[in-house]
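Just below is one structure, and these are the notes that go with it.
Here, residue 1 is the first one in the sequence, and each next residue gets the next number.
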Amino acid sequence: MHHKIIKFALMTIEQIYTDFINQLKSIYEEREAGNITDWIFESVAGLKRLERITNKQNSLDVSTIKLLNDKLEQLLQHKPVQYVLQEAWFYKMKFFVNNAVLIPRPETEELVEWGVYELKNKNEKVKIIDIGTGSGCIAIALKKELKGADILAIDISEDALAVAKRNALTLHANIQFLEIDFLDETIWHQLPLFDIIVSNPPYIPENDKIKMEKNVTDYEPHLALFVNDFDPFIFYRKIALFAQLHLNNPGKIYVEVQEEYADEVKKIFEQHGLSSLVKKDIYAKDRMVSARW
C-alpha cells in the first residue's frame, strides 16, 4: 500500500516533527514511531532531542526538509531506519550498514558480552574465527574488548565483506577478512586452529518467511537469514565438525540460535563430543549456545 506523503514545506521544526511521527504511526506503533523520528532528526537535521525542543519554533533549511521528505518516503515503504540512514548501533559503536548485511541485533550484543566476560582474564593471544561476519559487528566488538585477540572474520558474500572491512577501518579494528563458503568442507584445510569459534549463522527455515515482518523479508539479505527447511541446522553441524578439526583444547564455541531450536543445537554439539550449554537472553529466551571440549 502506498501512503500519501505530506510534503514538509514552510513549517516550524515542531510542526515537521509532529507530522513526521503521525505519518509513521500508520505503520509503526507510537513509541517506535517516536524513536525512529528522533533518530532521523538527529542524523539528518543534526538535532538532538533537547535542541529540537529548545528550537521548536525555528524552521529548517530547504535542503534538510528535502532530505527529511526523502527519508520519510523510504520509511513508509517499510524500509528499516538503519538502511534508510545506512547506520546501526552495536556495542556502543556506529556501524555502516546496507542491504548486503543484516542489521545488528541487541541479542547478538549479548553473545559478544558472554564471550568477553569469559575471555577477559585470558591474557594470552586468543585466536578467534567469526563465521558469517556480515557487517563485522561481532568481530569488531570482540577486537575492541580483547585487544590481544587475533581475529579472522569470514563470509560467503563479497558485498558483506566490503561493508565489514569499511567498518573495521572506520572503527580502527585490526581484523583479517576472508571470502569463503564455510559450508564447503574442502576448503577448511586453508584455515588454522582457533581457540574460539563464534557465529550468528543463518538459522531461519524458509517456511517461517510468511510469519515474518515485511521490513525484514523485503530488505534484509536472505542469504544471511534463511536455511533450507530440510536442513535448518546445517551451519551448527558444520561448526561442530569444523571444531573437531580446528578447535584447540581448551577451546570454546559461542553461537546465536533461534529460541525453539536451542536444545537441538546443544544436542548437535554433544553428538560431536563437546559439552554444551544453553543461555537465555535478557528476555528469558534461549538465544545462545556455547560448547567446549
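Of the possible polar contacts, none joining the R292 side chain to the K252 backbone as a donor-acceptor pair under 3.5 Å is found. The backbone N or O of T186 sits less than 3.5 Å from a side-chain atom of H189, completing a donor-acceptor pair. At least one donor-acceptor pair under 3.5 Å links the side chain of N98 to the backbone N or O of A100. Proximity of a side-chain donor or acceptor of D195 to a complementary backbone N or O of G251 within less than 3.5 Å is not detected. Looking at D286, its side chain never comes within 3.5 Å of a backbone N or O of E259 through a donor-acceptor pair.
Criterion: ILVMFWY side-chain heavy atoms under 4.5 Å apart, direct or through other members. Under it, L193 and I197 are not part of a common hydrophobic cluster. Under the 4.5 Å side-chain heavy-atom criterion for Ile, Leu, Val, Met, Phe, Trp and Tyr, L169 and L178 are members of distinct hydrophobic clusters. Both L241 and I187 belong to a single network of hydrophobic side chains, linked directly or stepwise wherever heavy atoms of I, L, V, M, F, W or Y lie under 4.5 Å apart.
In the hydrophobic clustering, I103 connects to Y83, F96, V97, V101, V163, Y219, either directly or through intervening members, whenever side-chain heavy atoms lie under 4.5 Å apart. I156 belongs to a hydrophobic cluster with L223, counting contacts under 4.5 Å between side-chain heavy atoms of Ile, Leu, Val, Met, Phe, Trp and Tyr, direct or through other members.
In this structure, the side chains of D281 and M288 come closer than 4.5 Å at one or more pairs of heavy atoms. By the 4.5 Å heavy-atom criterion applied to side chains, L60 and L68 are counted as neighbours. I128 places none of its side-chain heavy atoms less than 4.5 Å from the side chain of F194. Residues I180 and L191 form a side-chain contact, since some pair of their non-hydrogen atoms from C-beta on lies under 4.5 Å apart. Put simply, the side chain of F177 reaches to within 4.5 Å of the side chain of I175, judged on heavy atoms. Taking 4.5 Å as the limit, every side-chain heavy atom of E42 sits out of range of all side-chain heavy atoms of L47. Put simply, the side chain of D208 reaches to within 4.5 Å of the side chain of Q258, judged on heavy atoms. Side-chain contact between R237 and D231 is present, with at least one heavy-atom pair separated by less than 4.5 Å.
There is no side-chain donor-acceptor pair under 3.5 Å between T170 and N167. No side-chain N or O of S157 forms a donor-acceptor pair with one of D159 less than 3.5 Å apart. Between the side chains of E256 and S199, no donor N or O sits under 3.5 Å from an acceptor N or O. Using modelled atom types, one finds a donor on one side chain and an acceptor on the other under 3.5 Å when comparing Y254 with E118. A donor-acceptor contact under 3.5 angstrom links the side chains of Q74 and D70, judged on distance only.
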Show the atom names and distances, to 0.1 Å, of all donor-acceptor pairs under 3.5 Å that link a side chain in residues 136-145 to residues at least two apart or in another chain.
{"unit_1": "K143", "atom_1": "NZ", "unit_2": "K147", "atom_2": "O", "d": "3.1"}
{"unit_1": "K143", "atom_1": "NZ", "unit_2": "A149", "atom_2": "O", "d": "2.7"}
{"unit_1": "K144", "atom_1": "NZ", "unit_2": "L171", "atom_2": "O", "d": "2.4"}
{"unit_1": "E145", "atom_1": "OE1", "unit_2": "K120", "atom_2": "NZ", "d": "3.2"}

Tabulate below the donor-acceptor pairs under 3.5 Å that side-chain atoms of residues 31-40 make, not counting sequence neighbours, or state none.
{"unit_1": "T37", "atom_1": "OG1", "unit_2": "A33", "atom_2": "O", "d": "2.7"}
{"unit_1": "D38", "atom_1": "OD1", "unit_2": "Y17", "atom_2": "OH", "d": "2.4"}
{"unit_1": "D38", "atom_1": "OD1", "unit_2": "R52", "atom_2": "NH1", "d": "3.1"}
{"unit_1": "W39", "atom_1": "NE1", "unit_2": "E87", "atom_2": "OE2", "d": "2.8"}

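Looking at residues two or more places apart in sequence or on another chain, you find a ring pair (Phe, Tyr, Trp, His ring centres under 6.0 Å) between Y261 and F233. Every residue was checked against the salt bridge (Lys or Arg N to Asp or Glu O under 4.0 Å) condition with K165, not counting sequence neighbours, and none meets it. Qualifying salt bridge (Lys or Arg N to Asp or Glu O under 4.0 Å) partners for E220, counting only residues two or more places apart in sequence or in other chains: R105. For D218, the salt bridge (Lys or Arg N to Asp or Glu O under 4.0 Å) test picks out K214, with sequence neighbours left out. Remark: E110 engages no residue in a salt bridge (Lys or Arg N to Asp or Glu O under 4.0 Å) (not counting sequence neighbours). With sequence neighbours excluded, the residues forming a side chain to side chain donor-acceptor pair (under 3.5 Å) with E185 are K238, listed by chain and number. For K127, the side chain to side chain donor-acceptor pair (under 3.5 Å) partners are D150, not counting sequence neighbours.
For N228 against E206, the heavy-atom pair with the smallest separation is CA-CG, 4.3 Å. Here the shortest heavy-atom pairing between D155 and G134 reads OD2-N, 2.8 Å. Taking both residues in full, the closest heavy atoms of V44 and L85 are given as CG2-CD2, 3.9 Å, listed atom of the first, atom of the second, then distance. In terms of heavy atoms, L245 sits closest to W188 at CD1-CE3, 3.9 Å. Taking both residues in full, the closest heavy atoms of A240 and I268 are given as CB-CG2, 4.3 Å, listed atom of the first, atom of the second, then distance. The heavy-atom pair separating W114 from S290 by the smallest distance is CH2-CB, 3.3 Å.
Here NZ of K94 is found 6.0 Å from OG of S43. Values are rounded to the nearest 0.5 Å. To the nearest 0.5 Å, the span separating OG1 on T217 from NE2 on H78 amounts to 10.0 Å. One finds the CD1 atom of I239 at 13.0 Å from the NE2 atom of H246 (value rounded to the nearest 0.5 Å).
Between K267 and E270 there is no salt bridge, since none of the side-chain N atoms of the basic residue sits less than 4.0 Å from a carboxylate O of the acidic one. The existence of a salt bridge linking D263 and K266 is excluded, since no basic side-chain nitrogen approaches an acidic carboxylate oxygen closer than 4.0 Å.
Within 6.0 Å of NZ in K285 there are 12 or fewer heavy atoms belonging to other residues, nucleotides or ligands. Shown here is K25, whose NZ atom has more than 12 heavy atoms of other residues, nucleotides or ligands within 6.0 Å. Counting heavy atoms of neighbouring residues, nucleotides and ligands inside a 6.0 Å radius, atom CG of N55 exceeds 12 of them. Enclosure of atom CD in E260 by more than 12 non-hydrogen atoms of other residues, nucleotides or ligands within 6.0 angstrom is indicated.
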> Given the rule in the side chain to side chain contact (heavy atoms under 4.5 Å, CB included) test, do Y236 and V289 qualify, once you have shown the distances and angles that lead to the verdict?
Replying inline: CA-CA 10 Å; Y236 302 107; V289 176; over 6 Å; no
>> Between T12 and N58, is the side chain to side chain contact (heavy atoms under 4.5 Å, CB included) condition met? List the steps.
In response: CA-CA 5 Å; T12 64; N58 294 2; over 6 Å; no
> Given the rule in the side chain to side chain contact (heavy atoms under 4.5 Å, CB included) test, do S59 and I13 qualify, once you have shown the distances and angles that lead to the verdict?
Replying inline: CA-CA 5 Å; S59 53; I13 289 174; 6.0 Å; no
> F20 and F41: ring pair (Phe, Tyr, Trp, His ring centres under 6.0 Å), yes or no, with the steps?
Replying inline: CA-CA 10 Å; F20 204 104; F41 269 67; 5.8 Å; yes
> Does the pair L24 and L76 meet the rule for a side chain to side chain contact (heavy atoms under 4.5 Å, CB included), with working shown?
Replying inline: CA-CA 7 Å; L24 280 189; L76 289 175; 4.2 Å; yes
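Residue pairs meeting the ring-ring contact (aromatic ring centres under 6.0 Å, His included) criterion with at least one partner in residues 262-293, sequence neighbours excluded, are absent.
With D130 as the partner, the side chain to side chain contact (heavy atoms under 4.5 Å, CB included) test is satisfied by one option alone out of I196, N200, V198: V198.
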